[in-house]
Novice: 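Have a look at the structure that comes next, please.
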Amino acid sequence: MSDDITEADIGHGARLGLQAEDGSFEDLAMVTRIKPVGWTRDEEEGTHLQSPGRYKQFLPGLKEQTPCEADLNWVPSVPDRLIAAFEAGRQTWQITAPNGVRMQFPGFITTYEPGEFSNGKMTASVTIRPAGQATILEAE
C-alpha cells in the first residue's frame, strides 16, 4: 500500500473574470460552474494511390478553442454586466483554477440566458466563444 496522497482537487474556489480597463480581471459573482476552453483540431485526409499498406493518411489541420461555458446565480440588476459584455463584443477573459493557475483568452459572448422565474433560485448561463489561442499562466 502506498502512502502517496492524490493531487486531485475539487473546483471550489475557481473563478471566471473579465478584463477591466486597467488590465486587472474582475471576477463574475456567484459562479456555480465553469467549463474551461478546450482544444480541437481539424484533420485533412492526405491519402493517395500509393499510400503505404493501403492505409489512409491524415494531416493535422487548423486548430481552434472550444467555447467556455459557465452557470451562475442570477440577480437581476441594472446595469447587467454580462449584457454589457455581450454588447461590447470581443474582450479578454480569465479562468482561475483553485490552485491559482490561470487561463486567459480573447473571446465574445455568444449566449447569455437568464433562467426562468420559478419557486427555485434564479440562475443564468453564459457561453463565451474564444476568438484566438488561450494562454495558460502560472499562479500569481
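When a residue number appears, it is its place in the shown sequence, counting from 1.
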Novice: Apply side chain to side chain donor-acceptor pair (under 3.5 Å) to His12 and list each qualifying residue two or more places apart in sequence or on a separate chain.
Specialist: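 Partners of His12 by the side chain to side chain donor-acceptor pair (under 3.5 Å) criterion come out as none, since no residue qualifies.
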Novice: For Ala124 and Pro114, which heavy atoms make the closest approach, and how far apart are they?
Specialist: CB-CA, 3.7 Å
Novice: Using a 3.5 Å distance criterion without hydrogens, assess whether the side chain of Lys35 forms a donor-acceptor pair with backbone atoms of Pro67.
Specialist: yes
Novice: Restricting to pairs with a member in residues 114-126, which pass side-chain hydrogen bond (donor to acceptor under 3.5 Å, both in side chains), not counting sequence neighbours?
Specialist: Asn73-Lys121
Novice: Quick check on Phe25: does its CZ atom have over 12 non-hydrogen neighbours (other residues, nucleotides or ligands) under 6.0 Å away?
Specialist: yes
Novice: I'd like to check the side chain to side chain donor-acceptor pair (under 3.5 Å) partners of Gln19; sequence neighbours left out, ordered by chain and number.
Specialist: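 So Gln19 forms a side chain to side chain donor-acceptor pair (under 3.5 Å) with Thr92.
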Novice: Please determine whether side chain to side chain contact (heavy atoms under 4.5 Å, CB included) holds for the pair Val126 and Thr110, giving the CA-CA distance in whole Å, both sets of side-chain angles, and the decisive distance to 0.1 Å.
Specialist: CA-CA 8 Å; Val126 63; Thr110 58; over 6 Å; no
Novice: Flag the pair Gln57 / His48 as yes when at least one side-chain heavy-atom distance between them is below 4.5 Å, and no otherwise.
Specialist: yes
Novice: For Thr6, give me all partners under side chain to side chain contact (heavy atoms under 4.5 Å, CB included), at least two apart in sequence or on another chain.
Specialist: Ala8
Novice: How many angstroms lie between SG in Cys68 and CD in Gln94, if you round to the nearest 0.5 Å?
Specialist: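 The SG atom of Cys68 sits 11.5 Å away from the CD atom of Gln94.
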Novice: What's the shortest heavy-atom distance between Pro130 and Val37, and which atoms?
Specialist: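 Heavy atoms only, the tightest pair is CG-CG2, 3.8 Å.
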Novice: Indicate, with yes or no, if Ile34 and Met30 share a hydrophobic cluster defined by side-chain heavy-atom contacts under 4.5 Å among Ile, Leu, Val, Met, Phe, Trp and Tyr.
Specialist: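 Met30 does not cluster with Ile34.
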Novice: Looking only at heavy atoms, which two atoms of Ile109 and Trp93 are closest? And how far apart?
Specialist: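 That closest heavy-atom pairing would be CG1-CZ2, 3.8 Å.
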Novice: So, using side chain to side chain donor-acceptor pair (under 3.5 Å) as the criterion, who are the partners of Asp9 when residues are at least two apart?
Specialist: none
Novice: For a quick test of reading the model, state the closest non-hydrogen atom pair linking Leu72 to Leu82 and the distance between them.
Specialist: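 Nearest pair, atom of Leu72 first, then Leu82: CD2-CD1, 4.1 Å.
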Novice: Could you give me the CA-CA distance, side-chain angles and deciding distance for Ile95 and Phe105, then say whether side chain to side chain contact (heavy atoms under 4.5 Å, CB included) is met?
Specialist: CA-CA 9 Å; Ile95 299 169; Phe105 61 97; 4.1 Å; yes
Novice: Any idea which heavy atoms bring Ala70 and Val31 closest together, and the distance?
Specialist: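 In this case the closest contact between Ala70 and Val31 is CB-CG1, 4.5 Å.
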Novice: Taking only residues two or more places apart in sequence or in another chain, which ones pass side chain to side chain contact (heavy atoms under 4.5 Å, CB included) with Thr135?
Specialist: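 Side chain to side chain contact (heavy atoms under 4.5 Å, CB included) check on Thr135 returns Leu137.
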Novice: Using the salt bridge (Lys or Arg N to Asp or Glu O under 4.0 Å) rule, collect all pairs that involve residues 20-33, keeping only residues at least two apart or in two chains.
Specialist: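 Non-adjacent pairs meeting salt bridge (Lys or Arg N to Asp or Glu O under 4.0 Å): Arg15-Asp27, Glu26-Arg81, Arg33-Glu69, Arg33-Asp71.
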Novice: Using a 3.5 Å cut-off and no angle test, enumerate the donor-acceptor pairs between side-chain atoms of residues 38-45 and protein atoms at least two apart in sequence or in another chain.
Specialist:
residue : atom : partner : partner atom : Å
Trp39   : NE1  : Gln65   : OE1          : 3.4
Glu45   : OE2  : Thr47   : OG1          : 2.9

Novice: Could you name each residue pair satisfying salt bridge (Lys or Arg N to Asp or Glu O under 4.0 Å) that touches residues 124-140, not counting sequence neighbours?
Specialist: Glu64-Arg129, Arg102-Glu140
Novice: Per the ring-ring contact (aromatic ring centres under 6.0 Å, His included) rule, what does the pair list look like for residues 108-140, sequence neighbours excluded?
Specialist: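 Applying ring-ring contact (aromatic ring centres under 6.0 Å, His included) to every pair that reaches into residues 108-140, excluding sequence neighbours, yields Trp74-Phe117.
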Novice: With the side chain counted from C-beta on, respond yes when Pro106 and Gln91 share a heavy-atom pair under 4.5 Å apart, and no when they do not.
Specialist: no
Novice: Using the test side chain to side chain contact (heavy atoms under 4.5 Å, CB included), find all partners of Tyr55 that sit at least two apart in sequence or belong to another chain.
Specialist: none
Novice: Heavy-atom count around Glu113 CD within 6.0 Å, excluding the residue itself: above 12?
Specialist: no
Novice: Can you give me the closest heavy-atom contact between Arg90 and Ala131, atom names plus distance?
Specialist: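 Answer, listing the atom of Arg90 first, then Ala131: NH1-O, 3.9 Å.
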